[in-house]
Student: 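Submitted below is the structure of interest, expressed as structure tokens.
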Amino acid sequence: MRHEAWLQPPGVDPEEAAELLLRDLRSSQRGLSGADARRRLLQYGRNELRRRGGRRWPRELARQLTHPLALLLWLAASLLLIVGSVVVAVAVVSIIVLNAAFAFAQELQAERAVEALAEYLPLRAKVLRDGGSTEIDAAELVPGDIAIIEEGDRIAADVRLLAGAIEVDMSALTGEAVPAVRSASILDVDVPVLRAHDLVFSGTSCTGGQARGVVFATGMATELGRIAALSERVRQDPSPLERQVRRVAWLIAVVSVVLAIAFIPMATFGAHLSVLNALVFAAGLLAGMVPEGLLPVITLALAVAVRVLATRGALVKRLSAVETLGSTDVICTDKTGTLTENRMRPVAVWTAAGVVDGLTAGRGPAAGRPGATVSAAGRIAAACNNARLRPGEEPIGDPTEIALLLAAQALGADVEADRREAGRRWQFHFDPELKLMSTIDLHRDGLFVHTKGAPEALLPRCSEFLRDDGRRVPLGAADRRRITAQVDSFALDGLRVLALAERALPPRERPPHRRADAERDLCFVGLIAMLDPPRPGVTEAVAHCRTAGIRVIMITGDHPLTAVAIARRVGITDRHPRVVTEGELDRLHDHQLDELLRDERDVIFARATPEAKLRIADALRGQGHVVAMTGDGVNDAPALHRADIGVAMGRSGTDVAREAATMILTDDDFTSIVEAVRSGRRVYDNVRKFIIYIFAHATPEVAPFLVFALAGGAVPLPLTILQLLAFDVGSETLPALALSREPAEPGVMERPPRPRSEGVIRAPMLLRAWLFLGMLVGVLQLAGFFLVLTRAGWHPGAPTGVGDPLHHAYRQATTMTFLGMVAGQIGTAFAVRTQRTSLRSVGVLSNRYLLAGIAGELLLVALFVYAPVFQDLLGTAPLPTGDLLLLLPYPFIVWGADELRRHLVRRHAGRTAGTRADSPAPLR
């Protein structure tokens with residue numbers, strides 16, 4: 001095998017001493033320079049996996065040649081060959097190949113569209129470049145880079161740890177679900193590479209801690225790359241929509257076979273045809289009944305929706321998920337960053353000295369030096385923090401920590417990140433279950449535990465209270481009530497509140513390395529209140545959800561009063577919602593939770609853990625709901641997996657959450673979820689429109705054969721088999737593709753979600769297609785056929801074969817049938833654009849793709865009728881101008897009749913709704 005440029009540097013042993021490894025990689029603890037990194041990128045290639053499993057297109061193309069509808073055409077071609085109709089058989093086989101190629105190209109384009117979405121949201125990596133920390137596209141990682149790994153990151157290359165310790169989810173490589181500890185201080189000798197405690201690998205995820213290490217392998221040289229080179233990615237199971245479409249295909253196949261089999265005795269005994277001729281007509285009937293564009297058009301509709309959503313901030317990772325979004329009836333959403341801007345700004349600080357408001361970075365809270373409690377609050381906010389403030393640049397870090405750092409700066413604290421890290425001795429990262437974060441820092445020649453977290457989580461761990469004069473006194477019951485009252489006061493104003501505390505550690509003792517030993521006997525210092533205003537447009541989006549029958553449930557880790565204030569402000573709940581806290585939820589049995597979710601329309605889960613999200617998702621899905629669940633943290637991954645649609649945050653979310661999710665919001669905006677639901681409903685509607693469109697043509701395609709058979713041969717066949725095939729392939733496909741681009745109907749977000757169990761085909765759709773639209777087109781086309789033929793002097797039983805006087809008139813009559821089907825099909829295309837509303841509500845000319853498709857169809861039909869080569873092949877003949885003018889009303893008759901039908905349906909529905917409104921409400 002040829003050695004590619006992306007293989008790892010020669011002579012590198014990742015398990016040798018760190019100094020030797022850095023030397024071999026020509027790197028240092030300060031990382032690479034930008035120029036060196038660019039040279040290495042050219043040398044080793046981009047950090048990407050490349051498919052080595054051989055070409056996939058032959059297998060995919062073979063699948064298109066063997067799906068149910070293609071098998072039906074193969075059967076028709078075989079029958080034609082048996083009876084000697086080689087020309088028609090070749091035409092059918094050509095159709096099979098053309099359809100397979102078209103469907104294959106469409107699926108390939110859709111697959112590439114989904115893969116291209118990765119460009120909207122590339123995996124990011126934090127590295128040291130030019131002596132400073134920076135964030136780059138993970139594909140630009142090179143051997144020798146010093147990578148910084150934090151909780152929630154997906155590791156993008158093979159890394160040897162140099163400092164720090166982390167927990168790593170290795171399941172992608174080892175299959176073990178329990179996170180493994182990896183630390184720079186644990187050195188192994190002569191162990192398998194995957195077991196080495198100082199190595200982490202591409203494709204794994206950091207679930208806790210922070211570390212720094214040197215990249216020693218990228219791309220296909222990583223352990224994940226070697227695995228990828230051995231096997232192809234496992235194919236996903238078919239989605240519900242894909243299974244329903246396959247059932248539709250089999251339904252069409254069964255109906256077609258039954259009709260063809262029934263036609264053989266009718267033609268043999270009724271029309272007195274030979275068995276061979278009956279088989280010929282049966283084969284033609286089979287070929288005519290196949291909707292060749294069914295699968296590619298549905299794929300196109302989904303792919304178009306995915307692309308549209310991507311431009312609006314929602315990246316959908318699977319085509320079929322768009323359809324699932326359309327049936328979503330419950331959205332479980334976070335508050336921070338999704339409903340709100342996630343741009344925290346400090347509003348006030350409360351200590352024993354009282355409230356200090358009007359915080360502004362760079363300006364103290366009041367004239368003169370701040371008091372002891374205010375200074376301590378600023379010091380804790382700056383120390384227990386991982387955000388960075390850089391003059392003239394955007395802050396870096398979690399929005400809450402940035403707000404705390406701005407508050408600390410306003411309170412006069414030192415917020416320089418390098419000095420903070422130099423004094424840090426230990427860190428206990430934020431735990432979403434404990435709702436606490438702590439650091440052990442050097443301050444005034446002594447070590448202090450600095451802790452921040454939710455007030456109700458931090459207050460029980462405090463035993464002292466810092467007075468305004470700097471004295472530490474026991475924390476009494478009155479002080480606890482005073483603190484709780486202030487928390488509630490801030491929360492009622494919709495502010496997020498964090499509590500601050502500290503503890504001086506005894507000198508000359510080893511700092512505690514167990515969290516429980518550090519976060520105890522703390523001295524309560526104060527509260528910091530922050531404002532995170534609702535996003536613009538969220539209130540309107542929530543209102544759209546209500547009218548669409550979609551229930552919105554807030555699940556947040558914030559204070560209950562803060563959650564209620566925001567929920568009321570954006571319209572999720574009324575003034576008195578049911579609020580369930582973590583403790584209450586833990587005490588609820590599963591059946592009680594089911595009753596709560598079923599009976600309480602306005603419910604908020606506050607101080608909720610990621611495990612609570614998982615439990616709520618399970619309960620809602622158990623009741624038959626289709627659930628969309630938002631999340632951004634590592635521990636949100638199980639709930640995102642379990643929900644029907646897991647929605648991860650693209651900006652604030654972790655790589656782990658984005659991997660687990662079905663949809664990623666690049667703007668972290670709730671309105672993007674609602675837009676995705678709207679698109680899902682539109683796609684499902686368009687799939688149904690297309691199905692009605694192709695089913696409507698079954699009746700006019702079958703009618704000529706039935707007339708011929710029932711007339712006992714006295715009426716010549718009104719449509720030849722090749723004309724029927726030309727209609728299916730040539731004239732039907734372009735408008736069908738255009739229907740996949742149909743805009744949403746008015747009121748698409750004003751109707752309730754469809755049930756999970758509802759199929760893509762319903763009885764009213766079949767009645768509308770077969771017995772209304774199809775019957776109407778069939779009557780019109782046969783009327784044109786008989787008009788042309790009788791005007792030429794034909795009577796039942798008169799010969800029309802080659803050499804007979806009426807043969808040219810017969811060819812004109814079949815051409816009239818063919819053109820009548822085309823004209824009626826144009827009217828059908830406009831009619832199916834709406835299900836219940838008038839076409840005027842969406843605009844008659846609003847779908848420019850349909851207009852272009854009809855124009856292309858008419859050009860193709862003109863070629864079929866007037867080109868001599870097609871006249872000989874299809875048996876068509878030019879029509880006089882008068883006959884062509886007779887065809888002009890056909891589209892308007894079909895369209896107008898369906899407009900009238902929809903008008904009557906709407907009026908009946910309005911009367912029914914009025915009757916229900918006038919009737920007394922049922923007792924509950």
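Keep in mind it's a predicted model, so treat the numbers as computed, not measured.
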Student: Show the atom names and distances, to 0.1 Å, of all donor-acceptor pairs under 3.5 Å that link a side chain in residues 880-888 to residues at least two apart or in another chain.
Tutor:
residue: Asp883; atom: OD1; partner: Arg791; partner atom: NH1; Å: 3.0
residue: Asp883; atom: OD1; partner: Arg791; partner atom: NH2; Å: 2.7
residue: Asp883; atom: OD2; partner: Arg791; partner atom: NH2; Å: 2.7

Student: Cut-off 3.5 Å, side chains only: do Ser838 and Glu899 have a donor facing an acceptor?
Tutor: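 Glu899 and Ser838 do have a side-chain donor-acceptor pair below 3.5 Å.
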Student: Measuring from atom NE2 of His697 to atom CD of Gln825, what distance do you get when rounded to the nearest 0.5 angstrom?
Tutor: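 Nearest 0.5 Å value for the NE2-CD distance: 4.5 Å.
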Student: Could you walk me through whether Phe830 and Asp898 pass the side-chain contact (heavy atoms from CB on, under 4.5 Å) check?
Tutor: CA-CA 10 Å; Phe830 278 97; Asp898 197 68; over 6 Å; no
Student: Could you check if a side-chain atom of Leu819 sits within less than 4.5 angstrom of a side-chain atom of Tyr890, using non-hydrogen atoms only?
Tutor: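 They are not in side-chain contact.
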Student: Roughly how far, to the nearest 0.5 Å, is the CD1 atom of Ile692 from the CE atom of Met765?
Tutor: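 Between Met765 CE and Ile692 CD1, I get 4.5 Å after rounding to 0.5 Å.
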Student: Please tabulate, for side-chain N and O atoms in residues 864-876, each donor-acceptor pair with protein atoms closer than 3.5 Å (sequence neighbours left out).
Tutor:
residue: Gln871; atom: NE2; partner: Val865; partner atom: O; Å: 2.8
residue: Thr876; atom: OG1; partner: Phe864; partner atom: O; Å: 2.9

Student: Salt bridge check, Asp685 against Arg682: does any charged N sit closer than 4.0 Å to a carboxylate O?
Tutor: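 Salt bridge between Arg682 and Asp685, a charged N being under 4.0 Å from a carboxylate O: no.
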Student: Under the side-chain contact (heavy atoms from CB on, under 4.5 Å) rule, what do Lys689 and Glu745 come out as? Steps first, then yes or no, please.
Tutor: CA-CA 12 Å; Lys689 292 170 187 176; Glu745 291 185 44; 3.5 Å; yes
Student: Please find the pair of heavy atoms, one from Arg768 and one from Gln835, that lie closest to each other, and give the distance.
Tutor: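 Looks like NH1-CA, 3.9 Å.
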Student: How long is the span from the CD1 atom in Ile893 to the CG atom in Leu776, to the nearest 0.5 Å?
Tutor: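 So the gap between those two atoms works out to 7.5 Å.
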Student: Out of curiosity, Thr834 OG1 to Arg902 CZ, how far, rounded to the nearest 0.5 Å?
Tutor: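 Separation between the atoms: 3.5 Å.
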Student: When Thr817 is tested against each of Val822, Leu719, Leu717, Leu789 for side chain to side chain contact (heavy atoms under 4.5 Å, CB included), which residue passes?
Tutor: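 Answer to the side chain to side chain contact (heavy atoms under 4.5 Å, CB included) test with Thr817 among Val822, Leu719, Leu717, Leu789: Leu719.
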Student: Below 4.5 Å, heavy atoms only, C-beta onward: do Pro718 and Leu782 meet side chain to side chain?
Tutor: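 The answer is yes, as the side chains (C-beta and beyond) meet within the 4.5 Å cut-off.
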Student: Who are the ring pair (Phe, Tyr, Trp, His ring centres under 6.0 Å) partners of Trp770, not counting sequence neighbours?
Tutor: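 Checked Trp770 against ring pair (Phe, Tyr, Trp, His ring centres under 6.0 Å); matches are Phe695.
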Student: Identify the two heavy atoms, one from Gly801 and one from His807, that lie closest to each other, and give their separation to 0.1 Å.
Tutor: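 Looking at all heavy atoms of both residues, the shortest contact is O-CB, 3.1 Å.
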Student: Go through it in stages, so that I can follow the logic: the residues are Val894 and Val777, the test is side-chain contact (heavy atoms from CB on, under 4.5 Å), and I'd like the CA-CA distance, side-chain angles, deciding distance and then a yes or no.
Tutor: CA-CA 7 Å; Val894 176; Val777 175; 3.9 Å; yes
